[in-house]
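Have a look at the structure below before the remarks.
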Amino acid sequence: MDALTALHTRKASPKLVEPAPSQDELTQIYQAALRAPDHAMLRPWRFLVIKGEARNKLGELFVSAMQPDTEEQRNKLLKAPLRAPMIIVAVSTITEHPKVPAIEQIGSTAAAIQNMSLAAHALGYASIWRTGAVAFSDAVKLSLDLKTSDEIVGLLYLGSSTYENIPIPEINSEDYFEEWT
Ligand SMILES: Cc1cc2nc3c(=O)[nH]c(=O)nc-3n(C[C@H](O)[C@H](O)[C@H](O)COP(=O)(O)O)c2cc1C
């Protein structure tokens, strides 16, 4: 798939199933992430790759970190990681830098997530970028051996789409782009 086709046709898929990308394909997806623009080459990212049984452990970690009030919330957290064969948790590890504020480091990590999503799509897979309360919880960060100063920029759920021909919304460029003179 050429780059413009990938850009124009990528669509998030809320429910993902096997097959997940193979190890060779994952290497290509990881390389795409690592080509994200990166001011001062800080490499402000870390990626936790969670597959198979580890997804159940992640669900349990969510429950113990988030301390849900109801059984319904507990089950939702427990099952959340099972919505795809694999998840890549993209973390921005913020470094103090005189020219590169945190927002730029988070922006780089966001670009890395989008690069992975596009690479997966180009290889015939699908994904969805999610966050939610778990991404912003200090207790979740600490349970994942992250620092509270780290930012979980996204959880990229990855696999094969269960949907065929998800419509791509038509959006007028003129609504968002204007020539400034
Ligand atoms: C930072 C960020 C966080 C997101 N978090 C969620 C989320 O928690 N749950 C969700 O259903 N979609 C979330 N989305 C939106 C989906 O990834 C996706 O963009 C949306 O479903 C629209 O589909 P599309 O990307 O194919 O247009 C998030 C997107 C971004 C950029």
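Counting starts at 1 for both ligands and their atoms, following the listed order.
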Would you mind checking which non-hydrogen protein atom is closest to [atom], with the distance to 0.1 Å?
atom                    : answer
atom 3 (C) of ligand 1  : T131 OG1, 3.4 Å
atom 25 (O) of ligand 1 : R10 NH2, 3.0 Å
atom 24 (P) of ligand 1 : K11 NZ, 3.6 Å
atom 1 (C) of ligand 1  : W129 NE1, 3.5 Å
atom 21 (O) of ligand 1 : A12 CB, 4.0 Å
atom 11 (O) of ligand 1 : R130 NH1, 3.3 Å

Near I128, which atoms of ligand 1 are under 4.0 Å from a heavy atom of that residue? 16 (C), 17 (O)
Is G154 in contact with ligand 1, taking contact as a heavy-atom separation below 4.0 Å? no
I'd like to know if atom 19 (O) of ligand 1 has any protein heavy atom within a distance of less than 4.0 Å. no
Does a donor on one side chain sit under 3.5 Å from an acceptor on the other, for T27 and D24? no
Pair Q105-S108, side-chain donor/acceptor within less than 3.5 Å: no
Is there side-chain contact between [X] and [Y], with at least one heavy-atom pair below 4.5 Å?
X    : Y    : value
W129 : L155 : no
L144 : L61  : yes
L158 : L16  : no

